[in-house]
Amino acid sequence: MDYEPVIGLETHAELLTESKLWCRCSTRFGRAPNSQTCPVCLGMPGVLPVLNVKAFELALRAALALNCQLNRTTFFDRKNYYYPDLPKNYQISQNYCNLGVDGHLEIPLDGDVRRVGILNVHLEEDAGKNVHAEHPGADYSLVDLNRAGTPLLEVVTAPDMHSVEEADAFMHTLRQVLLYTQVSDCKMQEGSLRFEASISMRPAGTDGLGARVEIKNLNSMKAVRGALEREIRRQTSLLKSGEAVQQETRLWDEVRERTNRMRTKEEAQDYRYFPEPDLLPVEVTNEMLQRVRESVPELPLQRRRRFCDELGLSEYDATVLCDQKEVGDYFEACLAAHGSPKSIANWIINEVLREVNERKVSMEEFEVPPERLAELVRLTDEGRINANVARDIMTKMIRTGKDAAMLVQEEGVEQISDGAALEPVIEQVIRDNPDTVQDYLGGRKQAVGPLVGQVMKLTRGRADPKLVNQMLREKLDRL
Ligand code: ZN
Ligand code: MN
């Protein structure tokens, strides 16, 4: 019998706010331990939380981008548990009335689009961090509460995914949406984006749900993929040998690439949720809803479709340009200055992205502003400079900050597309290379290549190579 996995994902994303969810402490990453704390986020008795409205609006923006139904009046709940990095002994979260419910996210899969259901989207606070001493013989841990109270978005999917590839596509698309909407910086190395997975197996083609295993401690997409692959194998072999899969929670061991049992169903925690008495319900007013709705940008999938349908770009080009919002924005700004989508797309994909990737700079740091790149592409499209010269000019634009037209003039590299001007050079090259010419006349047509090269060399790369090629062939064929 064949089995197929049924996969659901829970994603936690730190929201892109300056300050924490219930106090004014900074959320900046990487500062000295416990330097960004106050009585509220330290969980002192008698303190009161005050909602960070920016965080609430970011969560609302995410709920809208994920096509959720909104609970227009929503409230917070206490999730009670004890852990050293949680000084209050409860996490303020949402359980009974999530901000967003019943949404979906469209993901690209196998050249098609699949819809993954979103059960709920809610707002909660992050815990601190336990730092376990790792030197030999160490028997203690330290607690850093800088992260305690950082606003978190939690996104819970329906058990809708049936392969590791599908889960992977979901994670990538969700990350793209959170970046496009500027809800989170999604820096996985800083813990801004974390996952938990639930997975069960069932006979392929059936509808039932098997015993579910939850996997925690997944701090990267690679970890999710690895854990799912490993768990699919483990559960499948259990089922094939007639054993049952236990409903339990397992932890991913990144180093040994395996999951280990953390707790079984019987040991499952009861969080004794109850409504948070220190916070009032929050109402999403019409004014707030309209403002936040207007702040949701065009999302990557829609943008990709528009680039294909309205601008005639290939699926590949559109996908590359829409991967990061900044690249798509740069492309559109170029397009506003020079309305040639295909040639601008080629330039950005082949030259600009190579340049920024090689030097590991971000699109915002790229030195050539879009209007200037558009001008360079226009000069190339109009045949005023050839492609090789244009690449050289771009390098000089980066280095000097000058514009393309100025550099073309200074360097004297304008393309020679005038047949009359090329004529004497071509004749000279034919005279000076009798062996190659004989080769060509003897039937080896590709011998024209080195002759074109000679003409390019004599014109210092300025000749229009297409025209040179054509003129050379005509002349040789008449010999
Ligand atoms: Zn604080
Ligand atoms: Mn959570």
Side-chain angles (χ1 to χ4, degrees), residues 8-15 17-29 31-56 58-59 62-63 66 68 74-83 85-101 118-129 143-157 171 174 178 183-184 191-198 214-219 224 249 251 262 268-274 276 278-279:
L9 288 172
E10 274 181 37
T11 306
H12 284 95
E14 287 184 352
L15 294 172
T17 57
E18 300 278 320
S19 57
K20 293 186 182 181
L21 190 49
W22 318 117
C23 62
R24 302 170 104 155
C25 292
S26 169
T27 54
R28 193 86 63 87
F29 180 82
R31 291 298 165 98
N34 299 307
S35 62
Q36 292 165 171
T37 54
C38 73
V40 174
C41 54
L42 289 173
M44 298 291 178
V47 296
L48 287 173
V50 177
L51 176 67
N52 179 339
V53 176
K54 174 79 191 286
F56 186 85
L58 288 179
L66 295 171
C68 288
T74 176
F75 56 89
F76 295 94
D77 303 295
R78 284 191 185 180
K79 180 181 182 177
N80 298 282
Y81 66 98
Y82 172 81
Y83 208 65
D85 65 8
L86 187 76
K88 289 201 296 280
N89 292 335
Y90 58 85
Q91 177 195 30
I92 303 179
S93 178
Q94 295 195 292
N95 183 56
Y96 297 114
C97 185
N98 293 293
L99 175 57
V101 293
I118 305 288
L119 291 181
N120 76 69
V121 168
H122 65 258
L123 182 58
E124 62 185 29
E125 62 181 325
D126 209 345
K129 222 187 259 177
V143 182
D144 177 7
L145 293 171
N146 278 353
R147 200 177 68 178
T150 295
L152 275 186
L153 178 78
E154 182 171 333
V155 178
V156 183
T157 76
M171 291 187 287
L174 178 63
L178 296 177
V183 162
S184 172
S192 294
L193 192 62
R194 285 126 49 189
F195 303 95
E196 286 168 22
S198 67
E214 283 178 57
I215 312 171
K216 290 184 182 288
N217 200 28
L218 302 169
N219 295 322
V224 175
T249 301
L251 276 182
M262 180 183 157
Q269 278 180 314
D270 176 2
Y271 293 116
R272 295 178 296 119
Y273 280 101
F274 62 85
E276 166 60 57
D278 286 344
L279 285 161

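Counting convention: from 1, in listed order, for ligands and their atoms alike. For reference, positions follow the sequence shown, starting with 1.
- The environment of Phe274 atom CZ is dense: over 12 non-hydrogen atoms of other residues, nucleotides or ligands sit within 6.0 angstrom.
- Between the SG atom of Cys25 and the SG atom of Cys41, the angle taken at the Zn ion (ligand 1) works out to 110° after rounding to 10°.
- Side chain to side chain, Thr74 and Gln94 meet the donor-acceptor criterion of an N or O pair below 3.5 Å.
- Looking at Glu154 and the Mn ion (ligand 2) together, the shortest N, O or S contact belongs to OE1.
- The Mn ion (ligand 2) has an N, O or S atom of His12 closer than 2.8 Å.
- Asp126 has a carboxylate O that lies under 4.0 Å from a charged side-chain N of Arg194, or vice versa, which qualifies the two as a salt bridge.
- Among heteroatoms of the N, O or S kind in Glu124, OE2 lies nearest the Mn ion (ligand 2).
- Atom OH in Tyr271 sits 14.5 Å away from atom CG in Asp77 (nearest 0.5 Å).
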